[in-house]
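Reading through the structure tokens given below for one structure.
Start at 1 with the first residue, then count along the sequence.
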Amino acid sequence: MTDANIQAYPMSRDAGCPFAPPPQYKELRETSPVTRVRLYDGREAWMFTRYEDIRAVLSHPAVSAETLNPDFPFLTPGDKVSKRAQSFQRWDDPRHATRRRMLMPHFTIKRVEAMRPRIRRMIDDIYARMIEIGPPLDLVEHLALALPSSVACELLGVDYDNHEFFESRFAVRLDRRASAEQVAQANAEVMAFVEDVVRSKYGTNRPDLIGQFVTQRVETGEVTHEDAVTDATLLLLAGHETTANMIALGTLALLRHPEQRDRIVADPGLVPNAVEELLRFLTISQSMGVRVAKEDFEVAGRRVAAGDGLIVPVAAGNWDDSAFECPEKLDVTREARGHLTFGFGPHVCLGQPLARMELQEVFSTLFQRFPGLRTDIPFEEIGFKFDAVFYGLYDLPVTWDAEAARAVAAEQEAMA
Ligand code: HEM
């Protein structure tokens, strides 16, 4: 491959259908599935676009997530700042596995199921507020962000009154266009905020996640105060922004595919499957899957050398037709559970049971509770987050049949 045809990474979705991964992934998968790409600082890295290769790289013992490794391939100047703040997500085993095991009990299916009734009540309150305000309104602000932010705050023990503050700082951190200075500033502010939260838990034995972590791990000397702040920051970020983008983009995808929406409305039993398919189809984790080789190894017939940067875009795997037939088709009945949207290997998403449950609760109620739900602006004017670490929507102006929604709400109340 000559220097001239080495493509730049990250690639953007704005060149094609906004629901689809960048079109280059398909071209490369067909012509050069293991290829060289150029990063913002001129450095090159390997990029993998086949489902099987992505899984092989993400689970290979010679592959490292350590951003302190001097060869780690950062994607933007801001990335270098935010990823250097090392949560356990940027550690390798065994220290990564030890920390992950400490947090795992908070995310088991049993623990998350116990939260379901509370989350249903939260959704009811959010819907009631939306009905009170009336259409049109921005679904991102009033539902997509409001729900996961409230859930993350309650789970972690953070005061929801601060949501606008931390949401705005995290938005800078996740914007691939932000400068290193802007990211450093936003990072410092959000870390100072989380530091106060962590401090407030000392000596209190609070039942929330951060409270329990401080009591059981920090006050016992097992985990440092600094590490607790960094990990709590990761959980606050991962706990709200990801699911928020899925709710917004998932709603839009279903509005644009009304036959799929009608299927889940007619058969709510299909919703868990539809959630998996939406996760696959939309793959909001668009800048995830970046690693460095810590030893020489071979993958897909290629020799990778220690120190090589590895770009493993899970969206490319989710649209590989050797893994999912007609991947460009949104089909809520397909078997999509093998998707890579939550990652793969040792760093696979810790919060996936919670994200799944929130998404299931939203998509099994939203269209029933807001009859006639539709976007309030032309599709071309919708603000897609082409340049964010997590893909999604900046806003989603929607409207609905207000009278019918009030009637459904009254019926619900009468049944409760
Ligand atoms: C739709 C929602 C979500 C998506 C698409 C998502 C996606 C991901 C992905 C792709 C990874 C792996 C990153 C990598 O390999 O470098 C990851 C890791 C992680 N996620 Fe999620 N996530 C979601 C929701 C959540 C939620 C709700 C939480 C917690 C409240 C959470 C907490 C985490 C944590 C702690 C890790 C690091 C795990 C480790 O390194 O061992 N995520 N997530």
Side-chain angles (χ1 to χ4, degrees), residues 65 67-68 78-91 95-96 98-107 115 145-175 178 180-245 287-288 347 349-351 354-355 358 388-390:
T67 42
L68 289 182
D79 198 30
K80 207 167 187 162
V81 177
S82 60
K83 284 192 183 148
R84 284 272 189 225
Q86 271 224 316
S87 67
F88 74 102
Q89 193 191 357
R90 308 291 165 204
W91 292 357
R95 65 173 180 152
H96 158 263
T98 306
R99 181 63 47 83
R100 192 176 156 107
R101 267 197 302 274
M102 291 180 191
L103 293 164
M104 213 113 88
H106 297 276
F107 295 98
M115 292 168 71
L145 252 178
L147 176 67
S149 261
S150 314
V151 172
C153 283
E154 197 159 299
L155 172 76
L156 297 174
V158 171
D159 185 351
Y160 182 66
D161 285 349
N162 297 303
H163 75 105
E164 281 175 9
F165 169 81
F166 68 72
E167 284 164 8
S168 64
R169 300 319 187 265
F170 281 131
V172 174
R173 181 166 155 171
L174 293 171
D175 189 339
E181 293 71 31
Q182 287 168 322
V183 172
Q185 169 82 18
N187 229 21
E189 287 174 6
V190 86
M191 297 282 280
F193 167 74
V194 177
E195 156 113 55
D196 283 348
V197 174
V198 171
R199 278 206 189 289
S200 74
K201 309 287 179 185
Y202 281 92
T204 60
N205 196 15
R206 303 261 320 141
D208 51 73
L209 191 158
I210 300 179
Q212 286 301 294
F213 197 67
V214 165
T215 307
Q216 294 170 6
R217 308 291 182 177
V218 185
E219 291 185 313
T220 53
E222 215 175 329
V223 172
T224 65
H225 171 78
E226 291 70 29
D227 276 1
V229 173
T230 318
D231 288 344
T233 308
L234 165 69
L235 289 172
L236 184 59
L237 166 66
H240 82 280
E241 177 70 27
T242 49
T243 313
N245 284 311
S287 274
M288 314 293 271
H347 292 276
C349 181
L350 188 63
L354 180 59
E358 290 180 52
V389 171
F390 294 111

Legend entry - side chain to side chain donor-acceptor pair (under 3.5 Å) partner of Ser149, the single match among Glu154, Glu167, Glu164: Glu167

Inset, instruction - With the side chain counted from C-beta on, respond yes when Thr243 and Leu147 share a heavy-atom pair under 4.5 Å apart, and no when they do not. - result: no

Inset, instruction - Output, in order, the C-alpha distance, side-chain angles, deciding distance and verdict of side-chain contact (heavy atoms from CB on, under 4.5 Å) for Phe88 and Leu350. - result: CA-CA 11 Å; Phe88 74 102; Leu350 188 63; 4.1 Å; yes

Inset, instruction - Rounded to the nearest 0.5 Å, what's the gap from OG1 on Thr242 to CG on Leu354? Could you check? - result: 8.5 Å

Inset, instruction - Using the six-membered ring wherever Trp is involved, compare the ring planes of Phe166 and His240 and label them parallel, tilted or perpendicular (cut-offs 30° and 60°). - result: perpendicular

Legend entry - Spatial distance of atom CZ (Phe170) from atom CG (Asn187) [nearest 0.5 Å]: 8.5 Å

Legend entry - Atom pair CZ/OG1 of Arg217 and Thr224 - distance to nearest 0.5 Å: 13.5 Å

Inset, instruction - I would like to know whether Trp91 and Thr98 meet side-chain contact (heavy atoms from CB on, under 4.5 Å); could you show each step before the answer? - result: CA-CA 10 Å; Trp91 292 357; Thr98 306; over 6 Å; no

Inset, instruction - Please answer whether the main-chain N or O of Gly203 pairs with a side-chain N or O of Glu219 as donor and acceptor at a distance below 3.5 Å. - result: yes

Inset, instruction - Kindly compute the distance separating NZ (Lys201) from CG (Leu209), expressed to the nearest 0.5 Å. - result: 9.5 Å

Legend entry - For Gln182 against Val172, the heavy-atom pair lying closest together: O-CG1, 3.7 Å

Inset, instruction - Find the distance between CD (Gln89) and CG (Leu235) and round it off to the nearest 0.5 Å. - result: 10.0 Å

Inset, instruction - State, with a plain yes or no, whether a side-chain heavy atom of Val214 is found less than 4.5 Å away from one of His225. - result: no

Inset, instruction - Check whether any side-chain N or O of Asn162 sits under 3.5 Å from a backbone N or O of Phe165 as a donor-acceptor pair, and report yes or no. - result: no

Legend entry - CZ on Arg99 to CG on Asp231, rounded to 0.5 Å: 5.0 Å

